[in-house]
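Have a look at the structure below, then the notes.
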Amino acid sequence: MKEEGKKSVTKLKFKRLMRKKWLYPALYLSVAALVLVGVFWYQQGASDLEDQIAEQPDSKVQDEFLTADNEKDTVPVMEHQENLEMPVADEKAASIVTKFYDYDASEQDQESALVLYNNKYYQSEGVDITREDGEAFEVTAALSGTVTEVKEDPLYGNVIEITHDENISTVYASLEDVDVLAGSDVAQGEVLGSAGRNSFGQASGVHVHFEVRSDGQPVNPEEFFGQPMSKIIENAGEEVQKEEEAPAEEPQEDSEEPSEGTEQSSDDAEQSTDEELNTDEDPAGSEDEEQSPDEDSASSISTTQT
């Protein structure tokens with residue numbers, strides 16, 4: 001009975017408390033005070049953290065942020081490669097009149113890649129580019145690079161060689177005027193000079209002879225116009241791989257020791273060869289011959305006498 005009396009008294013006190021007018025405002029104020037204290041504590045903690053970072057610029061945290069930013073901003077230069085362009089200011093008005101001699105090309109393309117000079121045909125190691133109207137035009141750099149050679153050639157006219165990354169080089173011949181100097185850096189599309197005529201490619205008229213070389217070996221420029229340098233490098237690697245995979249010629253078996261009669265016949269052959277060489281020599285006639293390029297090439301520009 002006593003316990004029941006205590007419970008009833010407690011309930012009665014609670015009801016009286018809830019009837020007080022100041023109870024709810026007091027609860028609201030208490031909750032608001034707790035919220036304000038929490039917000040203030042959060043702001044104070046964030047401020048202290050900023051002060052710590054500012055006082056320690058060499059901290060590990062800041063180094064990590066700086067490293068991450070640098071990794072994002074740093075972009076390798078080779079990721080953006082230039083595409084090979086035709087060495088002319090106006091590509092729409094230009095046309096190729098002499099092609100690169102490709103052993104895998106059609107018979108018609110091979111014929112258009114032969115150059116007639118001094119009553120002999122030579123295989124072109126580049127392309128001859130002209131204007132449709134036959135007028136002179138500005139010759140531009142097909143790729144950015146460094147001018148490594150500027151010379152005047154008796155057969156090919158003024159010649160410019162530009163080297164690029166990855167052992168790629170471009171050659172511009174049959175130039176009337178030259179606007180760059182050896183050792184200067186040129187940007188893609190920069191004017192190198194103007195197209196002209198030369199003794200070797202007379203049939204092409206006013207033109208520029210353009211070559212692309214990878215490790216010194218000529219490649220077909222038409223296959224790589226509009227393509228990045230990486231394509232030229234890949235093609236060169238494939239050609240080298242084909243040569244390595246090509247089966248080597250089987251050596252001939254050594255024949256038995258020749259008899260005395262065989263030795264005598266070989267001596268006679270050597271003697272007859274020497275006689276033929278002596279009869280073919282004509283010093284007087286050789287002096288009057290015109291200068292001619294390498295018979296295996298339509299453009300031995302790098303080896304022609306200056």
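Values in this document were obtained by computation on a predicted structure and should not be read as measured data. Atoms considered below: every heavy atom in the structure, side chains included; atoms not considered: hydrogens, waters and symmetry mates.
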Exercise for the section: Report yes or no: does Gln188 contribute a side-chain atom to a donor-acceptor pair with the main-chain N or O of Ala142 at less than 3.5 Å? Expected result: yes
Fill in the blank from the handout: CE of Met86 to CD of Glu91, rounded to nearest 0.5 Å, is 6.0 Å
Handout entry: Ser174 OG to His207 NE2 distance, which is reported to the nearest 0.5 Å
Key = 3.5 Å
Practice task
For Glu166 and Ile233, indicate whether the former's side chain and the latter's backbone hold a donor-acceptor pair under 3.5 Å.
Solution key: no
Problem - Results of side-chain contact (heavy atoms from CB on, under 4.5 Å) for Asp215 - residues two or more places apart only - result: Asn167
Exercise for the section: Applying side-chain contact (heavy atoms from CB on, under 4.5 Å), name anything that partners Leu114, two or more places apart in sequence or on another chain. Expected result: Tyr101, Tyr121, Gln123
Handout entry: Any side-chain heavy-atom pair of Asp153 and Phe200 under 4.5 Å
Key = no
Fill in the blank from the handout: Looking only at heavy atoms, the pair that brings Ser124 and His209 closest together is OG-CE1, 3.9 Å
Problem - Distance (rounded to the nearest 0.5 Å) between Gln110 CD and Tyr103 OH - result: 9.0 Å
Problem - Separation of Leu34 CG from Leu29 CG (nearest 0.5 Å) - result: 11.0 Å
Problem - Joint cluster assignment, Leu192 & Phe225, ILVMFWY side-chain distance < 4.5 Å - result: yes
Practice task
For Pro228 and Asn83, work out which heavy atoms get closest and say how close.
Solution key: N-OD1, 3.3 Å
Practice task
Just grab all the side chain to side chain donor-acceptor pair (under 3.5 Å) pairs involving residues 190-202, residues at least two apart or on different chains.
Solution key: Asp177-Ser194
Practice task
State, yes or no, whether a side-chain contact exists between Val208 and Leu175 at a heavy-atom distance under 4.5 Å.
Solution key: yes
Problem - Donor-acceptor contact below 3.5 Å, side chain Thr98 vs main chain Ala113 - result: no
Fill in the blank from the handout: Residues Gly193 and Asp179: closest non-hydrogen pair is CA-OD2, 3.8 Å
Exercise for the section: Sequence neighbours left out, what passes side-chain hydrogen bond (donor to acceptor under 3.5 Å, both in side chains) with Ser230? Give chain and number order. Expected result: Gln81
Completion exercise
The side-chain hydrogen bond (donor to acceptor under 3.5 Å, both in side chains) partners of Ser106 (sequence neighbours excluded) come to Asp109
Exercise for the section: State which residues pass side-chain contact (heavy atoms from CB on, under 4.5 Å) with Thr170; sequence neighbours excluded, sorted by chain then number. Expected result: Ile162, His164, Tyr172, Phe210, Val212
Handout entry: Closest non-hydrogen atom pair between Ala141 and Val186, with its separation
Key = CB-CG2, 4.3 Å
Exercise for the section: Can you run down the salt bridge (Lys or Arg N to Asp or Glu O under 4.0 Å) pairs that involve residues 127-138, sequence neighbours left out, and say none if there aren't any? Expected result: Arg131-Asp133
Fill in the blank from the handout: In terms of heavy-atom contacts, Tyr117 and Leu155 come closest through OH-CD2, 3.2 Å
Handout entry: Which residues share a side-chain hydrogen bond (donor to acceptor under 3.5 Å, both in side chains) with Thr146, sequence neighbours left out
Key = Asp185
Exercise for the section: State yes or no: do Val206 and Val139 share one hydrophobic cluster built from I, L, V, M, F, W and Y residues joined by side-chain heavy-atom distances below 4.5 Å, directly or via other members? Expected result: no
Completion exercise
To the nearest 0.5 Å, atom CE of Met229 lies from atom CG of Leu143 at 6.0 Å
Completion exercise
For residues 222-231, the salt bridge (Lys or Arg N to Asp or Glu O under 4.0 Å) pairs (sequence neighbours left out) are Lys99-Glu222
Completion exercise
Smallest heavy-atom separation, Ser204 atom then Val97 atom, equals OG-CG2, 3.8 Å
Practice task
With the side chain counted from C-beta on, respond yes when Glu161 and Val171 share a heavy-atom pair under 4.5 Å apart, and no when they do not.
Solution key: yes
Practice task
List for me each residue that meets side-chain contact (heavy atoms from CB on, under 4.5 Å) alongside Pro218, sequence neighbours excluded, and say none if there are none.
Solution key: Phe100, Glu125, Arg213
Handout entry: Side-chain heavy atoms of Val150 within contact of Leu181, under 4.5 Å
Key = no
